[in-house]
Amino acid sequence: MRFTRKQRLLNSQEYKYVFEDALKSSDSCLTVLARKNGLDLARLGLVISKKRIRNSVDRNRVKRLVRESFRNNQQCLAGLDIVVLAKYRANKVDNSVLLQSLAKHWLSLKL
RNA sequence: GGAGUUGGUUGAGCAGUCGCUAUAUUUAUGAUUUAUAAGAAUAUAGAGGAAAGUCCGGGCUUCAUAGGGCAAGGUGCCAGAUAAUCUCUGGGAAGCGUGAGCUUAUGGAUAGUGCCACAGAAAAUAUACCGCCUACGGGUAAGGGUGAAAAGGUGUGGUAAGAGCGCACCGCAUUAAUGGUAACAUUAAUGGCAGGGUAAACCCCACCUGAAGCAAGACCAAAUAGUUAAACAUUGAUGUUGUCCGCAUCGUUUAUGGGUAGGUCGCAUGAGGUGACUGGUGACAGUCAUCCCAGAUGAAUGACUGUUCUUGACAGAACCCGGCUUAUAGACUAACUCCACCU
RNA sequence: GCGCUCGUAGCUCAUCCGGAUAGAGCAUCAGCCUUCUAAGCUGAGGGUAGCAGGUUCGAGUCCUGCCGAGCGCG
C-alpha cells in the first residue's frame, strides 16, 4: 500500500469542501470528518494545532501515526475525503491506543 | 574509601516486513518530434547537542549616496584571538571558599546637576545639640546617642579642655625610581588628610552603529480596466527608521470599483568535517592527507514484530554560519583539591 | 523574519522620577437590621508584586536572563 501526494488534501479549497458537509466521528483523542469526493482514491488531510499539542515532536508523532493507519486502511475508505483533527488528549496517549481509536473511526465512516 | 572542582565524549543497540523525501541509473506509457509530465524498479543518503529562545555578531541580497551636523542607541580594567561580537583566551584588581576553584555592566564622584525616607544636633552646609574648658570675649570636636553612611584608625606624648598639634604603625594622596606592551604592582621620599554615598540617576570621557530582511531578491508564464471626485503641486510629494542640510525622481495621496497573487531559481562545497604535524601559556593559526554529510514546501525519518540491556531525558532542520542563554534520563573519561586510613 | 506592550488579592485596576504598614471597588466570611431574603450599616480575612539573579543602605519601581499572555508590520 502506497501513500502518495495525490492522496492528500493540498489546499484550503479542498479542506473547505470537506468542512462544509461532513460525516463526523469523534472520541476523546480525535475528531474525523469525511465527505465523498467522486474519485476512486481516498484523500487525507490533517489539522493538528499548536495550541492543542505544544511540542513539534508530539505533533509529528500524531501525524505519522494517522498517516500510517490511513495507509493501511485506504482501500476500505476509497472515494472519501477525510480530515483528522487532533484534540488536547492526543499527545498523552500511547501509540497503540491511538491506532485502535483510528481503526474504530475508519469502521464507522465506512458504514 | 568518602566529599568536591573544572573540562571533554556520548545521547539505546541488532534483525525482519511494510511505507515517506531527495539524488543517480534503468524501464515502459501518452504525445507528430524535442523539451517535459506523471508512473514503476534498483542503489545510495536522510534532524540536534541543543535543531529551541531569537539575546548578540557575521556572510548573502536589495535599497541611486553607505555624505555631513544634531539627536538616538550600545559598549566600558588591560592585552590578545576572530570574518565579527554584549563572544572567547591570558593577565590585573575586588569579593567568596580550608582548598582545587568560582563570581564581578570592574572608566570617571577633584567637570556639573539631582537624590539620600525614618532617626539624628548635623546627611555635606558648620557661629554644631548634650557635653568638656574658660580670663565669660570665646575655644573645642575627646565622650554621648542616631543611622546604610557622620571630616582618616589604633597607641602614645601633649593641652585650660581638646585637636595630625607632634611621633610610631596601618590606611590615603602626590612625586620619583624599578618591573611590566598595558591594566597594575613593589620600593622610597613628601604631605598632614585632600573633605560621605549614589553614574544598572541625569551625565562626562573613550570607542562603535546607514537601513531592511530569503515573504530579501532574480527570472518565467498567465490575467487585467480603469473611471469619477477631492487635496497638494517645485516654498510640493515621494524616496528605508528621528530631524536639518545635501542627493535622486516627477506627479503624488485619499475615497470608490475591477483583476491577479501559479511556477522555477535563491537552496545546500561551507569562515565545512575528520586525522596527523608545526607555532603559541591559551583562545587560535598554519601545512599536509582524506571525506562530501538532510534539503521539505499543508512541509519527509515512521509503524508493527522479535530480541538484548542500564527500560531510553530534553526535544524536530526551513537561507547559512560563529557564539550566548535555557531544557536534559543517564553512561564513559581526563586533570586537580580536601578529609580519613594503610604501606 | 522583524518590532512592541503587559504580568500586583478570587475578579477589575491604583501605588508620582526607589523610602519601608502595597491601596480602592466588586466578590468571600462574621455581626447588626428583617418573620426570612435582598438592599443597607459595621468589621475581618485574603499578596514572598510571574520566576531567578544583580545594582543600592533600601527594589513592586532600575538592570539582566528565563516563563506566560497579547498586539502590530511584511
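Sequence lines set the chain letters: A, B, ... in the order given, protein chains first and strands last, and positions in each chain run from 1.
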When rounded to whole Å, the CG to P distance for the pair Asn60(A) and rU21(B) reads 16 Å
Problem set entry | rA79(B) and rC184(B), which share atom name P, separated by this distance in whole Å | 11 Å
**C1' spacing across the pair rC338(B) / rU308(B), given as an integer number of angstrom** = 43 Å
Rounded to whole Å, the CG-C1' distance (Leu65(A) to rG19(B)) equals 13 Å
CD of Glu68(A) to CG of Leu102(A), rounded to nearest 0.5 Å, is 11.0 Å
(Q) I'd like to know if the side chain of Asp27(A) and the backbone of Leu30(A) have a donor-acceptor N/O pair within less than 3.5 Å. (A) yes
Among the nucleotides rA317(B), rG302(B), rA300(B), whichever has the atom closest to the side chain of Arg64(A) is rG302(B)
When rounded to whole Å, the CG to C1' distance for the pair Leu85(A) and rG298(B) reads 14 Å
Expected label for rU175(B) (glycosidic angle, syn inside 90° of 0, else anti) would be anti
Asn72(A) CG to rC20(B) P, in whole Å, measures 12 Å
Output for pair (Leu107(A) CG, Asn73(A) CG), nearest 0.5 Å, gives 8.0 Å
* **Any side-chain donor near an acceptor of the partner, Trp106(A) and Ser69(A), under 3.5 Å** => yes
Query raised in the report: Does Gln74(A) reach the main-chain N or O of Arg71(A) with its side chain, forming a donor-acceptor pair under 3.5 Å?
Result: yes
rU61(C) -> Watson-Crick or G-U wobble partner, both distances under 3.5 Å, gives none
Paired to rG158(B) by Watson-Crick or G-U wobble criteria (both distances under 3.5 Å) is none
Expected label for rG49(B) (glycosidic angle, syn inside 90° of 0, else anti) would be syn
Distance between the P atoms of rC86(B) and rA123(B), in whole angstroms? 45 Å
Worksheet item: Expressed in whole Å, how much space separates the P atoms belonging to rA294(B) and rU17(B)?
Response: 27 Å
When both distances are under 3.5 Å in a Watson-Crick or G-U wobble arrangement, the nucleotide paired with rU174(B) is rA189(B)
Base, sugar-phosphate, or nothing for Asn95(A), non-hydrogen atoms under 4.0 angstrom? sugar-phosphate
Regarding Arg43(A) and Asp81(A), does a basic nitrogen lie under 4.0 Å from an acidic carboxylate oxygen?
yes
RNA chain B nearest-nucleotide lookup for Leu99(A) and Asp58(A): closer to the 5′ end is Leu99(A)
- Query: For Arg59(A), which contact category applies under a 4.0 Å heavy-atom criterion: base, sugar-phosphate, or nothing?
  - Reply: nothing
Expected label for rA47(B) (glycosidic angle, syn inside 90° of 0, else anti) would be syn
Regarding rG99(B), purine or pyrimidine glycosidic angle vs 90° from 0 gives anti
What integer number of Å spans the C1' atoms of rC78(B) and rU326(B)?
32 Å
Find every protein N or O atom lying less than 3.5 Å from an N or O atom of nucleotides 48-55 of chain B, and list the pairs.
none

Re rU12(C): Watson-Crick or G-U wobble partner, both distances kept under 3.5 Å, found to be rA24(C)
Side-chain atoms of Ser56(A) come closest, of rA317(B), rG302(B), rA299(B), to rA317(B)
CG of Leu85(A) to NZ of Lys24(A), rounded to nearest 0.5 Å, is 9.0 Å
Taking a pair to mean Watson-Crick or G-U wobble geometry with both distances below 3.5 Å, rA15(B) pairs with rU305(B)
Whole-Å distance, Arg61(A) CZ to rG302(B) C1', equals 12 Å
When rounded to whole Å, the CG to C1' distance for the pair Asn73(A) and rC18(B) reads 13 Å
Query raised in the report: Expressed as a whole number of Å, how far does the P atom of rG92(B) sit from that of rC339(B)?
Result: 26 Å
Review point. What distance, rounded to whole Å, do you find between the two C1' atoms, one in rU104(B) and one in rG53(C)?
Key: 13 Å
By the Watson-Crick or G-U definition, both distances under 3.5 Å, rU269(B) is matched with none
Arg71(A) CZ to rC18(B) P, in whole Å, measures 10 Å
In Watson-Crick or G-U wobble terms, with both distances under 3.5 Å, the base opposite rA285(B) is rU278(B)
Interatomic distance, CD1@Ile82(A) vs CZ@Arg35(A), rounded to 0.5 Å, equals 14.0 Å
pair_partner(rG196(B)), Watson-Crick or wobble, both distances < 3.5 Å, evaluates to rC116(B)
Among the nucleotides rA299(B), rC18(B), rA47(B), whichever has the atom closest to the side chain of Arg67(A) is rA299(B)
- Any donor-acceptor N/O pair, Ser108(A) side chain to His105(A) backbone, under 3.5 Å: yes
Separation of rG19(B) atom P from Leu44(A) atom CG, nearest Å, is 17 Å
What integer number of Å spans the P atoms of rC205(B) and rU328(B)? 48 Å
dist Thr31(A):OG1 -> Leu33(A):CG (nearest 0.5 Å) comes out at 7.0 Å
Judged by whether its glycosidic angle lies within 90° of 0, rC293(B) is syn
